[in-house]
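Both ligands and their constituent atoms are indexed starting at 1 by order of listing.
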Amino acid sequence: MSLTRRGLLEQVGAIGGLGAAYIAMEALGLAIPTPAGAENFVLPPHSGNGKSVIILGAGIAGLVSAYELQRAGYRVTVLEARDRIGGRVWTIRGGDRIVQTGRPDQTAVFDKGLYFNSGAARIPSTHRAILGYARRFDVPMEVMVNANRSARWDFAGAVHPERRMVNDMRGRLAELLAKAIDSRALDQQVPKGELEMIRQFLVPYAQLDARGVYVPQGSSGYSIEGGAYGQAPIPLPPLSWSELLPKPAATSRGSMAQPYLFDQIWDMQATMLQPVGGMDRIAEAIYARVKPLVRLNTPVAEIRRAGGGVRIVHGPGRQILDADYCICTLPMPVLAKVTADFSPAKKAALKSVNYRPSVKVAFESPRFWETDEGIYGGLAWTDRMNENVMYPSGGFNDPKGVLVTSYCGGWTRPDNPQAFADLSHEQRLRVCLDSVEALHPGKSKSLGKGVTVAWGITPWSEGVGAMWPGGLTAVAPRPPAYAELFRPEGPIVFAGEHLSYQQTWQEGAVLSAHEALKLVQSMAAEQPAAAAA
Ligand SMILES: Cc1cc2nc3c(=O)[nH]c(=O)nc-3n(C[C@H](O)[C@H](O)[C@H](O)COP(=O)(O)OP(=O)(O)OC[C@H]3O[C@@H](n4cnc5c(N)ncnc54)[C@H](O)[C@@H]3O)c2cc1C
C-alpha cells in the first residue's frame with residue numbers, strides 16, 4: 001500500500017499525538033522552523049501553487065494568515081461576520097455603534113481624533129511577532145505608559161500615590177528582614193557571610209538607617225517639595241502596615257497584591273508600546289494588503305468536509321464556498337455554536353474553557369489629570385468595581401482625552417468581571433464616576449460621553465479570551481482539551497489567541513496563525529490543487 005506523506009503524518013499523529021507528528025514533519029523537511037525572531041516568518045515563495053484556503057474570521061490571526069498565504073501563492077478568501085476587521089482589536093471613535101447582546105445599542109460621540117481602545121490596548125516589547133508586522137508596514141508606535149508612580153491607589157477608602165505605596169512597602173519589608181537578621185532569627189537558614197551581605201544591601205536598597213529602621217528619603221514623595229532658595233524638601237513619613245495592606249471594606253473582596261506587582265508581570269513590563277492613533281492601526285495595515293480577499297458581513301454557519309477539502313456555508317443566503325483547506329480562527333464560545341464536521345472530542349473541548357467577561361468603560365474629558373495633577377499615562381488602582389483607571393498615553397497636553405475608567409479583569413477583585421458586567425450601562429458609568437471622584441476630588445463632573453463595552457455580550461467575541469489554568473502568566477500545564485483544540489480536523493486547521501501560551505494577547509493570535517500556516521503548508525506540499533475558492 002502506498003502512503004502519502006499526509007497519510008503518514010495523520011497516522012503518526014493518531015498514534016503518537018501532535019508532538020510526534022511535528023517531529024515527523026521536521027524529519028520529512030515539511031515543518032518550517034519558526035525563526036528566533038518570529039517577526040521574520042515567511043512561507044516558501046510560490047509554495048501555495050494556486051491551492052485554495054478559506055479563512056474564518058478577520059481578526060489578527062485571520063489577517064496574518066491571509067497575508068502570508070497570498071504572499072506564498074495561495075488563493076485566499078476570508079469570511080468575516082462583522083462589518084469591520086480586527087475582531088477583539090476594536091478601536092472605537094466618534095460615530096461608531098456599540099452593539100451588545102440583550103442591551104440597548106450605544107453610539108460613541110467622542111470628538112474627532114479621540115479614540116477608545118475597547119479591546120487590545122498595549123503591546124509589550126517582548127511581543128516580537130505582532131511588533132514585526134507593525135514595523136514591516138510602517139505603523140508608527142509610541143510608548144504606552146503602563147505604570148505611573150504619580151497615579152493613585154484607592155483601597156478601603158484611603159487614597160495614596162503609587163510611589164508612596166510601592167516605596168513604603170519595600171521599606172517596611174526590608175525593615176522586617178533587617179530585624180530578623182539582627183535578632184539572629186535567620187542564622188539557621190542562611191550562612192553568616194550571606195546574611196551580612198544582605199544586611200548591608202538593605203541599607204541603600206530600602207533606605208534603612210544604621211539601626212535598620214526605614215527612613216524615607218523622598219522616593220515615596222514629599223510633604224513639601226524642594227524649591228529654590230530656602231525651600232528645603234521634607235519627605236513624607238512612612239505609611240504603616242495597615243495603610244499599606246488595608247483591610248478590604250466589607251463590600252469589597254479586594255486584593256492589594258496585583259497593583260504592587262502589575263508592572264513586574266512579564267508581559268506588562270516597560271517598555272510597553274501602542275500604535276499612534278489607535279490599536280487597530282496594525283490590523284488595518286495588514287488588511288490594506290489583503291482587502292480584496294476579505295468578505296465582511298459574512299457570518300459562517302457551517303464548516304463541512306467535502307471530498308478531500310472543505311465546504312463552508314456562509315452569509316444570509318447560506319451560500320457555499322469550497323476550498324482545499326480552511327484556517328478557522330473563531331473564538332471558542334462562538335465556534336462551539338457553529339455546525340461543524342468536527343470530532344466529538346473537538347466539540348467537547350470547545351465547550352471546556354471559559355472566556356473572561358471583562359468590561360471596559362471610557363469617557364471623554366479635559367485632561368485635568370495632566371494639567372492639575374501631573375499624571376501622564378499609567379494606571380490608578382482601586383478596590384471598587386471598576387478596578388482601575390487608565391490614563392491616555394497618547395496626545396499629552398492636548399485639550400481633551402479619552403479616560404478609560406475601567407478595565408475590570410479581576411485584578412483587585414477576583415470575581416468582579418461578571419459582577420460588573422451584570423450591571424446596567426448606567427450603573428457601570430456611575431461606579432466609574434464615583435471612583436474618579438474619589439481619586440480626583442471635584443473632577444468627575446468633567447467626564448462626559450461615557451460608553452461601556454462588556455466583552456461577554458459582544459457578538460462574535462463572547463469574551464476577552466481563553467482563561468487557561470494558571471491565569472495570564474500561565475506556566476501551569478494545559479489540560480488535554482488544549483492539544484485537542486489545535487489538532488487539525490483533516491484539511492481544517494485552527495488558530496487564534498486561545499491556541500497559544502500568549503493567550504489574550506495579539507501576539508498569541510499571530511504565533512498561532514504561524515503554526516496553522518505551517519500545517520497548511522505541509523499538507524499542501526502533498527496534494528494537487530482540488531477545489532476552487
Ligand atoms: C478587553 C480586551 C483587552 C485586551 N488587551 C490586549 C492588549 O492590551 N494587548 C494585546 O495584544 N491583546 C489584548 N487583547 C487580546 C487581543 O485583542 C486578542 O488576543 C486578539 O485580538 C485575538 O485575535 P484572534 O484573531 O485570535 O481573534 P479575534 O480577534 O476574536 O478574531 C476572530 C474573528 O472571527 C470573527 N467571527 C466570529 N464568529 C464568526 C463567524 N461565525 N463567521 C465569520 N466570522 C466570525 C470575529 O468577528 C473576529 O473578527 C485584549 C482583548 C480584549 C477583549
Engineer: So is there a nitrogen or oxygen of Lys360 less than 3.5 Å from a nitrogen or oxygen in ligand 1?
Structural biologist: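 No - when backbone and side-chain N and O of Lys360 are compared with those of ligand 1, no distance drops under 3.5 Å.
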Engineer: Near Ala61, which atoms of ligand 1 are under 4.0 Å from a heavy atom of that residue?
Structural biologist: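 Under 4.0 Å from Ala61, ligand 1 has these atoms: 25 (O).
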Engineer: Could you give me the CA-CA distance, side-chain angles and deciding distance for Arg122 and Asn146, then say whether side-chain hydrogen bond (donor to acceptor under 3.5 Å, both in side chains) is met?
Structural biologist: CA-CA 8 Å; Arg122 50 192 152 207; Asn146 207 24; 2.7 Å; yes
Engineer: In terms of residue, atom name and distance, what is the protein heavy atom nearest to atom 5 (N) of ligand 1?
Structural biologist: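 For this ligand atom, the closest protein heavy atom is Ala120 CA, 3.3 Å.
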Engineer: Check for me whether Pro299 has a heavy atom closer than 4.0 Å to any atom of ligand 1.
Structural biologist: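 For ligand 1, residue contact (heavy atoms, under 4.0 Å) with Pro299 is present.
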Engineer: For atom 35 (C) of ligand 1, grab the closest protein heavy atom and report residue, atom and distance to one decimal in Å.
Structural biologist: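 Ranking protein heavy atoms by distance from atom 35 (C) of ligand 1, first comes Glu80 OE1, 3.3 Å.
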Engineer: Drop me the distance from Glu370's CD to Asp398's CG, to the nearest 0.5 angstrom.
Structural biologist: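 These two atoms lie 8.0 Å from each other.
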Engineer: Kindly confirm or rule out a cation-pi arrangement of Arg356 over Trp468, judged by NZ or CZ under 6.0 Å from the six-membered ring centre and within 45° of its axis?
Structural biologist: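 No.
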Engineer: For atom 21 (O) of ligand 1, what's the nearest protein heavy-atom neighbour? Residue, atom name and distance, please.
Structural biologist: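 Ranking protein heavy atoms by distance from atom 21 (O) of ligand 1, first comes Val89 CG2, 3.6 Å.
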Engineer: Would you check, one step at a time, whether the test side-chain hydrogen bond (donor to acceptor under 3.5 Å, both in side chains) holds for Asn386 with Ser435?
Structural biologist: CA-CA 8 Å; Asn386 58 314; Ser435 174; 2.9 Å; yes
Engineer: Does at least one non-hydrogen atom of Pro331 fall below 4.0 angstrom from an atom of ligand 1?
Structural biologist: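 Pro331: in contact with ligand 1 (<4.0 Å).
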Engineer: Show your reasoning for whether side-chain hydrogen bond (donor to acceptor under 3.5 Å, both in side chains) applies to Glu302 and Thr339.
Structural biologist: CA-CA 5 Å; Glu302 293 180 27; Thr339 306; 5.3 Å; no
Engineer: Under 3.5 Å between any N/O of Gly62 and any N/O of ligand 1: does that happen in this structure?
Structural biologist: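 Min N/O separation from ligand 1 is not below 3.5 Å for Gly62.
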Engineer: Could you tell me whether Ala81 and ligand 1 have an N or O pair separated by under 3.5 Å?
Structural biologist: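 Min N/O separation from ligand 1 is below 3.5 Å for Ala81.
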Engineer: What about Glu497: any of its N or O atoms under 3.5 Å from an N or O on ligand 1?
Structural biologist: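 N/O-N/O distance under 3.5 Å: yes.
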Engineer: Geometry only, no angles: is Ala121 polar-contacting ligand 1 at N/O separations under 3.5 Å?
Structural biologist: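 Yes: some nitrogen or oxygen of Ala121 is under 3.5 Å from one in ligand 1.
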Engineer: Suppose we measure from atom 42 (N) of ligand 1 to each protein heavy atom; which comes out shortest, and what is that distance?
Structural biologist: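 Going atom by atom, the protein heavy atom closest to atom 42 (N) of ligand 1 ends up being Val300 N, 2.8 Å.
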Engineer: For atom 9 (N) of ligand 1, what is the closest protein heavy atom, and at what distance to 0.1 Å?
Structural biologist: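 Closest protein heavy atom to atom 9 (N) of ligand 1: Arg122 O, 2.6 Å.
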Engineer: Using a 4.0 Å heavy-atom cut-off, which part of Thr504 comes near ligand 1: side chain, backbone, both, or neither?
Structural biologist: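 It is the backbone that touches ligand 1; the side chain stays farther off.
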Engineer: Would Trp505 count as a polar contact of ligand 1, with the cut-off being nitrogen or oxygen pairs under 3.5 Å?
Structural biologist: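 For ligand 1, there is an N or O atom that lies under 3.5 Å from one belonging to Trp505.
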Engineer: May I ask you to list the atoms of ligand 1 that are less than 4.0 angstrom from any heavy atom of Gln506?
Structural biologist: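 Contacts of ligand 1 toward Gln506, numbered from 1: 10 (C), 11 (O), 12 (N), 16 (C), 19 (O).
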Engineer: Please step through ring-ring contact (aromatic ring centres under 6.0 Å, His included) for the pair Phe41 and Tyr133, ending with a clear verdict.
Structural biologist: CA-CA 10 Å; Phe41 180 90; Tyr133 286 102; 8.4 Å; no
Engineer: Suppose we measure from atom 45 (C) of ligand 1 to each protein heavy atom; which comes out shortest, and what is that distance?
Structural biologist: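 Looking only at protein heavy atoms, the one closest to atom 45 (C) of ligand 1 is Leu330 CD2, 3.4 Å.
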Engineer: Could you tell me if Lys360 sits above the aromatic ring of Tyr407, with its cationic atom closer than 6.0 Å to the ring centre and no more than 45 degrees from the axis?
Structural biologist: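 Because its charged atom sits under 6.0 Å from the ring centre and within 45° of the axis, Lys360 does stack over Tyr407.
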Engineer: Going by distance only, is there an N or O of Trp455 that falls short of 3.5 Å from an N or O of ligand 1?
Structural biologist: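 For ligand 1, there is no N or O atom that lies under 3.5 Å from one belonging to Trp455.
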Engineer: Taking 4.0 angstrom as the limit and counting only heavy atoms of Gly87, give me the atoms of ligand 1 inside it, by number and element.
Structural biologist: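 Selected atoms, number and element: 29 (O), 48 (C), 49 (O).
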Engineer: Can a cation-pi geometry be assigned to Arg487 and Phe342, taking NZ or CZ under 6.0 Å from the six-membered ring centre and within 45° of the ring axis?
Structural biologist: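 Geometry flag: not set, cation outside 6.0 Å or 45°.
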Engineer: May I ask you to identify the nearest protein heavy atom to atom 30 (O) of ligand 1, giving residue, atom name and distance to one decimal place in Å?
Structural biologist: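 Protein heavy atom with the smallest distance to atom 30 (O) of ligand 1: Arg88 NE, 2.7 Å.
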Engineer: What atoms in ligand 1 come closer than 4.0 Å to a heavy atom of Gly496?
Structural biologist: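 Here the atoms of ligand 1 in question are 26 (O).
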Engineer: Would you kindly specify which portion of Thr298 sits under 4.0 Å from ligand 1, judged on non-hydrogen atoms: side chain, backbone, both or neither?
Structural biologist: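 Backbone only.
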Engineer: Would you mind running through ligand 1 and noting each atom that sits below 4.0 Å from a heavy atom of Gly59?
Structural biologist: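 Once the distances to Gly59 are compared, the set is 25 (O), 29 (O), 31 (O), 33 (C), 49 (O).
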Engineer: Quick check: Arg82 and ligand 1, any N/O pair under 3.5 Å apart?
Structural biologist: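 The answer is yes, given that Arg82 and ligand 1 share an N or O pair closer than 3.5 Å.
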Engineer: Using a 4.0 Å cut-off to any heavy atom of Gly86, which atoms of ligand 1 qualify?
Structural biologist: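 Every atom of ligand 1 under 4.0 Å from some heavy atom of Gly86: 29 (O).
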Engineer: For Arg295 and Thr77, which I'm curious about, is there any donor-acceptor pair between the side chains at under 3.5 Å?
Structural biologist: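 No.
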Engineer: Just do the ring-ring contact (aromatic ring centres under 6.0 Å, His included) check on Trp455 and Tyr355 with the steps written out, would you?
Structural biologist: CA-CA 9 Å; Trp455 281 91; Tyr355 273 41; over 10 Å; no
Engineer: Nearest protein heavy atom to atom 34 (O) of ligand 1, by residue and atom, and its distance?
Structural biologist: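 Checking every protein heavy atom, the shortest distance to atom 34 (O) of ligand 1 gives Gly57 CA, 3.3 Å.
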Engineer: Between Tyr260 and Trp153, is the ring centre distance below 6.0 Å?
Structural biologist: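 Yes, ring centres under 6.0 Å apart.
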Engineer: Numbering the atoms of ligand 1 from 1, which are under 4.0 Å from a heavy atom of Ser118?
Structural biologist: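 Answer, ordered by atom number: 1 (C).
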Engineer: If you define the side chain from C-beta out and look only at heavy atoms, does anything of Gln274 sit under 4.5 Å from Glu142?
Structural biologist: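 Yes, their side chains come closer than 4.5 Å.
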Engineer: If you look at every heavy atom in Gln418 and Pro357, which pair is closest and at what distance?
Structural biologist: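 Taking Gln418 first and Pro357 second, the nearest heavy atoms are OE1-CG, 3.3 Å.
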Engineer: His127 to ligand 1: N or O pair under 3.5 Å?
Structural biologist: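 So ligand 1 has no N or O lying under 3.5 Å from an N or O of His127.
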Engineer: Rounded to the nearest 0.5 Å, what separates atom CZ in Arg149 from atom CG in Asp263?
Structural biologist: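 If we round to the nearest 0.5 Å, Arg149:CZ and Asp263:CG are 5.0 Å apart.
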Engineer: Might you work through the ring-ring contact (aromatic ring centres under 6.0 Å, His included) test for His127 and Trp505, ending with a clear yes or no?
Structural biologist: CA-CA 9 Å; His127 284 186; Trp505 289 99; 4.9 Å; yes
Engineer: What residue among Leu335, Ile312, Ile327 forms side-chain contact (heavy atoms from CB on, under 4.5 Å) with Leu56?
Structural biologist: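 Testing Leu56 for a side-chain contact (heavy atoms from CB on, under 4.5 Å) against Leu335, Ile312, Ile327 leaves exactly one candidate, Ile312.
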Engineer: Looking at every heavy atom in both Ala362 and Phe110, which two are closest together, and how far apart are they?
Structural biologist: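 Closest heavy-atom pair between Ala362 and Phe110: CB-CZ, 4.4 Å.
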Engineer: Looking at ligand 1, would Ile123 count as a contact under a 4.0 Å heavy-atom criterion?
Structural biologist: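 No, Ile123 has no heavy atoms under 4.0 Å from ligand 1.
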Engineer: So, 4.0 Å and heavy atoms of Trp90: is ligand 1 close enough to count as a contact?
Structural biologist: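 The answer is no: ligand 1 sits nowhere under 4.0 Å from a heavy atom of Trp90.
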Engineer: Can you name the atoms of ligand 1, numbered from 1 with element, that are less than 4.0 Å from a heavy atom of Ala509?
Structural biologist: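 Close to Ala509: 23 (O), 24 (P), 26 (O).
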Engineer: Side chain, backbone, both or neither: which applies to Ser512 and ligand 1 if a contact is any heavy-atom pair less than 4.0 Å apart?
Structural biologist: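 No part of Ser512 comes within reach of ligand 1.
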Engineer: Which atoms form the tightest heavy-atom contact between Gly377 and Phe396, and what is the distance?
Structural biologist: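 Where Gly377 meets Phe396 most closely, the heavy atoms are N-CE2, 3.8 Å.
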Engineer: Taking all non-hydrogen atoms of both residues, which atom of Ala151 and which atom of Tyr391 are closest, and how far apart?
Structural biologist: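 Looks like CB-CE1, 4.2 Å.
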Engineer: Please state which part of Leu79 comes within less than 4.0 Å of ligand 1, counting heavy atoms only: side chain, backbone, both or neither.
Structural biologist: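 The answer is the backbone.
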